[in-house]
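All values below come from the heavy atoms of this structure, side chains included, with hydrogens, waters and symmetry mates left out.
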Amino acid sequence: MNLLPNKKIYFLSDFHLGTPNPAASLLREKKIIQFLESIKHDAQEIFIVGDMFDFWFEYKYVVPRGYTRILGKLAELTDGGMKIHFFVGNHDMWMRDYFQTELNIPVYYEPAQFEFNGKKFLVGHGDGQGPGDHGYKFLKKVFRNPFCQWAFGVLPPFFGLGIANYFSQKSREQANKKEEVFLGEENEWLIIYAKEVLQKEHVDYFIFGHRHLPIDFLLKDNSRYINLGEWINFDSYAVFDGTTTTLKYFNK
């Protein structure tokens, strides 16, 4: 696919709406909406690369309370013809069909390839990719298991969402205690994963979230790994202008 004149592709990730408390989350939600409003005139497509919510579970007739503004903005954009892609993350992996049916947004559960203006992109949240993190990889298989999802769905939303939000909040508190620093080429799992992919095929841009640290790393002369960071501390995103992809920061 080729970009239309003066159009761009935007990538952003890890909003973690709902944390650390409703007031702070609402401020962040309004900031993200402001950003989406600012790009809607030159965006041809928008990729939201996981963990939009700090927790999300769709019961058959119930979705989590809140997030009215962001969901309304996404509906406004897709109703106006904007193409938006959503990749599930480790905090919102229990997506079903709400985004597809209500917002006309396709949902991806694994990394996917796209091509724009002859440039190949591999896009995904990034959780469970590369070596290590075996404990999480096991849990991911459990959480993705249809029976486990059904069993959780049997719980009344008051109990199910309460339990899940509690553990999600604890997980986020632990993560916030760690300073996010670049671990070096040999220790960054997503860089290792990208290099493994490059041994089999060429990719111009590896676009991931999950890491919570904005990273633009040159893998080869014509291949780069870009981590989108997050919107709690960095307000970072990436934009492809038809020629190159650049890591940027909103209102900074």
Chemist: Side chain to side chain contact (heavy atoms under 4.5 Å, CB included) for I9 and M1? Distances and angles first, verdict last.
Modeler: CA-CA 11 Å; I9 308 291; M1 178 182 293; over 6 Å; no

Chemist: T245 and V239: side chain to side chain contact (heavy atoms under 4.5 Å, CB included), yes or no, with the steps?
Modeler: CA-CA 5 Å; T245 304; V239 56; over 6 Å; no

Chemist: Looking at side-chain heavy atoms only, is the closest gap between I70 and I33 below 4.5 Å?
Modeler: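 SC-SC contact between I70 and I33 confirmed.
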
Chemist: Which distance, rounded to the nearest 0.5 Å, do you find between the CG of N251 and the OH of Y249?
Modeler: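 Spacing of CG (N251) from OH (Y249) equals 14.5 Å.
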
Chemist: Kindly give the heavy-atom pair with the smallest separation between E186 and I192, and that separation in Å.
Modeler: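 Closest heavy-atom pair between E186 and I192: O-CD1, 3.4 Å.
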
Chemist: So which of Y67, F53, W231 actually passes side chain to side chain contact (heavy atoms under 4.5 Å, CB included) with F15?
Modeler: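 When side chain to side chain contact (heavy atoms under 4.5 Å, CB included) is applied between F15 and each of Y67, F53, W231, only W231 qualifies.
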
Chemist: Are N2 and E115 close enough that some pair of their side-chain heavy atoms sits under 4.5 Å apart?
Modeler: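 A side-chain contact is absent here, since even the closest heavy-atom pair is not under 4.5 Å.
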
Chemist: Run the ring pair (Phe, Tyr, Trp, His ring centres under 6.0 Å) test on Y225 and Y193 for me, step by step, so that the C-alpha distance in whole Å, both residues' side-chain angles and the decisive distance to 0.1 Å come before the verdict.
Modeler: CA-CA 10 Å; Y225 155 64; Y193 170 74; 9.7 Å; no

Chemist: Within this structure, what is the CZ-CD1 distance for the pair R224 and I226, rounded to the nearest 0.5 Å?
Modeler: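 Here the rounded value is 4.5 Å.
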
Chemist: The test is side chain to side chain contact (heavy atoms under 4.5 Å, CB included); show your working for I191 and F182 and say whether it passes.
Modeler: CA-CA 11 Å; I191 289 180; F182 184 68; 3.8 Å; yes

Chemist: Do you know the tightest heavy-atom contact between F208 and G124?
Modeler: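 In terms of heavy atoms, the two residues are closest at CD2-O, 3.0 Å.
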
Chemist: Between K120 and E201 (salt bridge meaning N to carboxylate O under 4.0 Å), is one present in this structure?
Modeler: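 A salt bridge is absent here (no side-chain N lies under 4.0 Å from a carboxylate O).
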
Chemist: In this structure, which one of T19, L17, I232 forms a side chain to side chain contact (heavy atoms under 4.5 Å, CB included) with D54?
Modeler: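 Of the listed options, the one satisfying the test is T19.
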
Chemist: In chain order, what residues pass the side chain to side chain contact (heavy atoms under 4.5 Å, CB included) check against D42, with sequence neighbours excluded?
Modeler: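 D42 satisfies side chain to side chain contact (heavy atoms under 4.5 Å, CB included) with K8, Y10, I39 only.
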
Chemist: Ignoring hydrogens and angles, tell me if any N or O in the side chain of N21 forms a donor-acceptor pair with the backbone of A24 under 3.5 Å.
Modeler: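 Flag set: sc N21 to bb A24 pair under 3.5 Å.
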
Chemist: Would you list the pairs meeting side chain to side chain donor-acceptor pair (under 3.5 Å) in which at least one residue belongs to residues 25-36, sequence neighbours left out?
Modeler: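 Found K31-D235.
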
Chemist: Rounded to the nearest 0.5 Å, what separation is found between the CG atom of L218 and the OG atom of S223?
Modeler: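 If we round to the nearest 0.5 Å, L218:CG and S223:OG are 8.0 Å apart.
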
Chemist: Considering all heavy atoms of both residues, which atom of G209 and which atom of S13 are nearest to each other, and what is their separation?
Modeler: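 Reported closest heavy-atom pair: CA-OG, 3.6 Å.
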
Chemist: Do P106 and F99 have side chains that get closer than 4.5 Å, going by heavy atoms?
Modeler: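 They are not in contact (no side-chain heavy atoms under 4.5 Å apart), so the answer is no.
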
Chemist: Report the distance from atom NZ of K73 to atom CG of L36, rounding to the nearest 0.5 Å.
Modeler: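 Between atom NZ of K73 and atom CG of L36 there are 7.0 Å.
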
Chemist: So do the side chains of F87 and I48 get within less than 4.5 Å of each other, counting heavy atoms only?
Modeler: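 No, too far: nothing below the 4.5 Å cut-off.
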
Chemist: For T243, is there any backbone N or O sitting under 3.5 Å from a side-chain donor or acceptor partner on D241?
Modeler: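 It does hold such a pair.
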
Chemist: Quick check: closest heavy atoms across E230 and D14, and the distance to 0.1 Å?
Modeler: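 Nearest pair, atom of E230 first, then D14: CB-O, 3.4 Å.
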
Chemist: Quick one: do K7 and E45 make a salt bridge, cutoff under 4.0 Å?
Modeler: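 Between E45 and K7 there is no salt bridge, as every charged N stays at least 4.0 Å from the carboxylate O atoms.
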
Chemist: May I ask you to say whether E185 pairs ionically with K195, meaning some side-chain N is under 4.0 Å from a carboxylate O?
Modeler: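 Salt bridge present between E185 and K195.
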
Chemist: Using the ring centroid of each side chain, check whether F35 and Y237 are separated by less than 6.0 Å.
Modeler: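 Yes; Y237 has its ring centre under 6.0 Å from that of F35.
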
Chemist: Does any part of the side chain of F240, heavy atoms only, come nearer than 4.5 Å to the side chain of L3, both counted from C-beta?
Modeler: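 Touching, per the 4.5 Å side-chain cut-off.
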
Chemist: Just by distance, with hydrogens left out, do H125 and D127 show a side-chain donor and acceptor under 3.5 Å apart?
Modeler: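 H125 vs D127: no donor-acceptor pair found between side chains.
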
Chemist: Show the nearest heavy-atom pair for residues A75 and T78, with the distance to one decimal.
Modeler: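 Looking at all heavy atoms of both residues, the shortest contact is O-OG1, 3.2 Å.
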
Chemist: Side-chain contact, heavy-atom cut-off 4.5 Å: E76 with K40?
Modeler: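 In contact.
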
Chemist: Is it true that the side chains of D51 and H210 contain a donor and an acceptor less than 3.5 Å apart?
Modeler: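 On atom types as modelled, these side chains do not qualify, holding no pair under 3.5 Å.
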
Chemist: Please find out if less than 6.0 Å separates the ring center of F121 from that of F206.
Modeler: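 Between F206 and F121, which both carry aromatic rings, the centre distance is not below 6.0 Å.
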
Chemist: Distance from I84 atom CD1 to L77 atom CG, nearest 0.5 Å?
Modeler: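 Those atoms lie 4.5 Å apart.
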
Chemist: Within a 6.0 Å radius of atom CG on D79, are there more than 12 heavy atoms belonging to other residues, nucleotides or ligands?
Modeler: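 More than 12 heavy atoms, drawn from other residues, nucleotides or ligands, come within 6.0 Å of this atom.
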
Chemist: Report yes if some heavy atom in the side chain of M52 is under 4.5 Å from a heavy atom in the side chain of L74; otherwise report no.
Modeler: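 Touching, per the 4.5 Å side-chain cut-off.
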
Chemist: Heavy-atom distance under 4.5 Å between the side chains of V181 and L213, does that happen here?
Modeler: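 No. Closest side-chain heavy atoms not under 4.5 Å.
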
Chemist: Take L12 and I46 through the test side chain to side chain contact (heavy atoms under 4.5 Å, CB included) and record every step on the way to the result.
Modeler: CA-CA 8 Å; L12 55 163; I46 298 172; 3.7 Å; yes

Chemist: Hey, what's the ring geometry for Y108 with H85, parallel, tilted or perpendicular (30° and 60° as the breaks)?
Modeler: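 Taking H85 first and then Y108, their aromatic rings sit tilted (interplane angle of 30° to 60°).
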
Chemist: Where is the tightest heavy-atom contact between L122 and Q113, given as atom of each residue plus distance?
Modeler: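 Smallest interatomic distance, heavy atoms only, reads CD1-CG, 3.5 Å.
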
Chemist: Could you grab the distance from atom CG of L247 to atom CZ of F234, nearest 0.5 Å is fine?
Modeler: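 If we round to the nearest 0.5 Å, L247:CG and F234:CZ are 10.5 Å apart.
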
